Amino acid sequence: MERYEPEQVERKWQAVWEREDAFLVLNPTLPIKPEDADKSYVLEMLPYPSGELHMGHVLNYTLGDVVTHVRRRRGFRVLRPMGYDAFGLPAENAAIREGGHPRLITERNIAAIREQMKRMGWAVDWSREVSTADPRYYRWTQWLFLRFLERGLAYRKEALVKWCPNDQTVLANEQVIDGRCERCGAEVEAKSLEQWFFRITAYADALLDEMDLLESWPERVLTMQRNWIGRSEGAEAIFRIEELDIDLPVFTTRPDTLFGATFFVLAPEHPLVPQLVEGTEHEAAVFDYVRHTAARSAVERVDPDQEKTGVLTGRYATNPVNGEQIPVWVADYVLMDYGTGAIMAVPAHDERDYAFAKKFGPPIRTVVAPAEGDPAEEGAFVEHTEGEQLVDSGPFTGMRSPEAKKAIVEWLEANHLGRPAVGYRLRDWLLSRQRYWGAPIPVVYCEDECGIVPVPDEDLPVLLPEVDDYVPKGRSPLAAAEDWVRTTCPSCGGPARRETDTMDTFVDSSWYFLRYTDPENDEAPFGTEIANYWLPVNQYIGGIEHAILHLLYARFFTKVMQEMGLVDFREPFARLFNQGMIYRHGAKMAKSKGNVVPPDEMISHYGADATRLYILFMAPADEDKEWQDTGIEGTSRFLARLWRLAHEVAERGDPGSPDDSPLVRTTHATIQKVTDDIERRFQFNTPVAALMDLLNRAQHAKDDPGQAAAVRFATETIVSLVQPYAPHMAEELWERLGHERLWEESWPEPDPAQLERDTFTLVVQVNGKVRDKVEVPTGLSEDELVARATELPKVRAHLDGKEIRKRIVVPGKLVNLVVG
RNA sequence: GCCGGGGUGGCGGAACGGUAGACGCGGAGGACUUAAAAUCCUCUUGGCGAGAGUCAGUGUGGGUUCGAAUCCCACCCCCGGCACCA
């Protein structure tokens, strides 16, 4: 028997799969027939082609691979594609650093990562490969942008935006973490710029409500999305500055506290601030404060532990419910981009207003009684008043706060002083980027009268121009391609200039899962009927880092495409699974931390099969896990033992069909467990343990001639069941055991009769404590089971002649005797 | 602060209200070998005990239950999200 040489076996089978198109899956012919119904779309988040596979990829794609293999062998038509999220900053930064074109760098990286993926042996349908940086792909990204534009869902506006001074480009809100750029960590700055946005806020409620349509998503992801959307219900109330004839609406979630408003605050960026103070004695101080605020960094400004600051405007606003005149302040604890950029301040019932009032002196007026037992100190901050009774609130005094909320909003509405309103934390998606390596935004600016003019569909794609310099200078590098920028207006034929910003790469990845269904289509981004066949994705797998960004954007895109009639479903991903992160030496594996284990080294040393097995065996797939350098020895040894046993079994020839025996029954039980764990429980570590266990048993039985047939059956079953995890070795052994192609073999099914046992281990408890176990025949009555239990000497010792007050019998499992 | 997830041997973990610690790593001892590697066998939660055993034990404290790692309540700790969002 030759030694197990993973490299040789793996190279051999990878070549066979390629030659025989093993994992190619054809679309069904249209129209879809009922016999095509058993489909499954298994998708992993597409990689950014950095050129180097890391362990996170290995886990992600091995998970998808196991699901894919099992479903294929269970008779499903399985779509399992692969592609590259190929636009983006790393390639561009590499081009700046090392020279060369981002396109060439990306192509080189794609070639390298594809090679590594093939070395892992993943069962990908390579005929559907997609790169988002390919003009045949981004043509349709641009096409979709134009459809959004037509529907008013893409728009351009001047706004205060988040600017990364390092990457020299704007960022979406979702790309700012704790005031820093999520890519490079630089502190973001605020900048007023004209930019392109997607109107995702119009879908805030749909994104929340349609979570109900999802089959199975992790609770934490849903929570993160809910937090991000940040819906809160309340009311808009109109305060008025009489002397200037200005209405200042505010958003509040506590209209029941309107009578407690003792001052009013505007955000420093509020557009009406200048008008309020112009020509007054407060002008200088207010302008000074506004300038001071603008100079503060974003990180500093959002720190809630900062002492409150603010300045008086000298103006007074009228409280709509009682006509009271309250002073108007400007303070930076009020944010321009939430609500209306202005608030009514109720210091008795809002912590922030309370802190401000304590420092600057406005009165603190309790209008909702504290809950019973809480101190009712004069002028104190009163927490937890939801549901309590209103005091000093005019006609609403005495109502409980929930009714008061309704009553006050109704009163406001009837008097045209307010209305019910909903606030969201979610902002529109800023999609333009001042960088080179992305899809150009397909519009031109007419220099005559036409304004913003979309590039006609037939002129797509708008190809990226060639430029010499990718260095970001605060404007898009595309602007340097003057010949490209200068164009004619599609509408009037006059002179026009092209938009030079490119799209956020998250636009590219918001629809790629549809392109896979129809990757060669030249007429449309994809065929509607075939997309409706394959989607929604049955199982999506990827990292938690995309919980908000990609997953929220893709859901938004799908809803819009559904409304456009491009697809007939509202949610793209029915089931989502997030794999955990991989740590080593207590930190997330990262080049910068020097704790990376390169998959390539693992493959060279132990083989792809052992690496695949270990990454799934080491811990539950959804948990963060610590990489143990010696851990892979276990799966490597397991494969070597399987190799030896299978060879011994093969050499002995055919022993006929096995008789009933414990080993045969355990084998059937293992089939059951492995299938159930993978398909129902989505658990991947325990099947490996079950296979190791079965191998141990088979090995112990192998020298018993009476069990030759059972050992062969067990061994062949292990080979068959391990195929999704270790496909190369499984094929090799399957062949050596005298069979053909294992990937074409149907998935084993347990014989129900063999899952039935004729004896079982009865656990006997006394007062809930295990005292003994005994092997008994199945099918005994409760009385018989109790009789067997009470016969046992150890049990008798604990019964100690006492009276049995109660007996619990769980058939097939245990007897619990309660004595008193 | 609010929301979500989690806390089990030396380590990774198993246990889908019913035998806590499967499977694996590491460790100890042994077999084979001139030796090593590889392989195989035995042991490996803690206390007491020569042993058969026995008591304790799943972050802490309560509760529900015949029976709780698992369900409920309170608390502690760790991880993640949100947070001057009115």
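If you're wondering where the values come from, they're calculated on a predicted model, not measured in any experiment. Values below: every heavy atom of this structure, side chains too, minus hydrogens, waters and symmetry copies. Residue numbers begin at 1 in each chain, while the letters A, B, ... track the order of the sequences.
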Nearest to the side chain of A:M692 - B:C23, B:C84, B:G13?
B:C23
Across all chains, not counting sequence neighbours, the side-chain hydrogen bond (donor to acceptor under 3.5 Å, both in side chains) partners of A:D350 are A:R352
For nucleotides 41-43 of chain B, give me every protein contact, N/O to N/O, under 3.5 Å, one pair per line with atom names.
unit_1, atom_1, unit_2, atom_2, d
B:C41, OP1, A:H700, NE2, 2.9

Among the candidates B:G18, B:U19, B:G12, find the nucleotide nearest to the side-chain atoms of A:V770.
B:U19
Counting primed atoms plus P, OP1 and OP2 as sugar-phosphate and everything else as base, spell out the protein contacts along nucleotides 48-59 of chain B at 4.0 Å heavy-atom distance: B, S or - for each nucleotide, 5' to 3'.
-----SSSS---
Could you say whether A:E633 or A:Y424 is positioned toward the 5' end of RNA chain B, judged by the nucleotide with the nearest heavy atom to each?
A:E633
A:K806 side chain, from C-beta outward: closest of B:C66, B:C23, B:C84
B:C66
Listing for RNA chain B: consecutive Watson-Crick or G-U pair runs of at least 3, distance cutoff 3.5 Å, ranges ordered by first number, gives B:1-7 with B:76-82, B:10-12 with B:23-25, B:26-31 with B:39-44, B:45-48 with B:53-56, B:59-63 with B:71-75
Reckon A:E626 touches a base, only the sugar-phosphate, or nothing at all at heavy-atom distances under 4.0 Å?
nothing
Quick check: any donor-acceptor pair below 3.5 Å linking the side-chain of A:N227 to the base of B:C82?
no
Identified side-chain hydrogen bond (donor to acceptor under 3.5 Å, both in side chains) partner of A:D704 from the options A:H700, A:Q707, A:K702
A:Q707
A:Q765 (side chain) and B:G18 (base): donor-acceptor pair under 3.5 Å
yes
Identify which nucleotide among B:U19, B:G24, B:C82 has an atom closest to any side-chain atom of A:R641, counting heavy atoms from C-beta outward.
B:G24
Which nucleotide, B:U19, B:C23, B:C84, lies nearest any side-chain atom of A:V763?
B:U19
Please identify which of these residues, A:Y725, A:F638, A:Y606, A:W627, meets the ring-ring contact (aromatic ring centres under 6.0 Å, His included) condition with A:Y614.
A:W627
Could you check which of B:U19, B:C66, B:G12 has an atom nearest any side-chain atom of A:K773?
B:U19
Scan residues 674-687 of chain A against RNA chain B and write down, sorted by residue number, each residue with any heavy atom closer than 4.0 Å; if none is found, say none.
A:D676, A:D677, A:R680, A:R681, A:Q683, A:N685, A:T686
Any pair counted as salt bridge (charged side-chain N to carboxylate O under 4.0 Å, His left out), so long as it reaches residues 674-690 of chain A, sequence neighbours left out
A:R71-A:E679, A:R74-A:E679, A:K673-A:D677, A:D676-A:R680, A:D677-A:R681
What does A:D693 touch in the nucleic acid at a heavy-atom separation under 4.0 angstrom: a base, only the sugar-phosphate, or nothing?
sugar-phosphate
Measuring from the side chain of A:R220 (C-beta onward, heavy atoms only), which nucleotide among B:G18, B:G12, B:G4 has the closest atom?
B:G4
Which of A:T313, A:V328, A:L266 passes side chain to side chain contact (heavy atoms under 4.5 Å, CB included) with A:V273? Answer is A:L266
Which of B:U19, B:G18, B:C84 is nearest the side chain of A:L814? It is B:G18
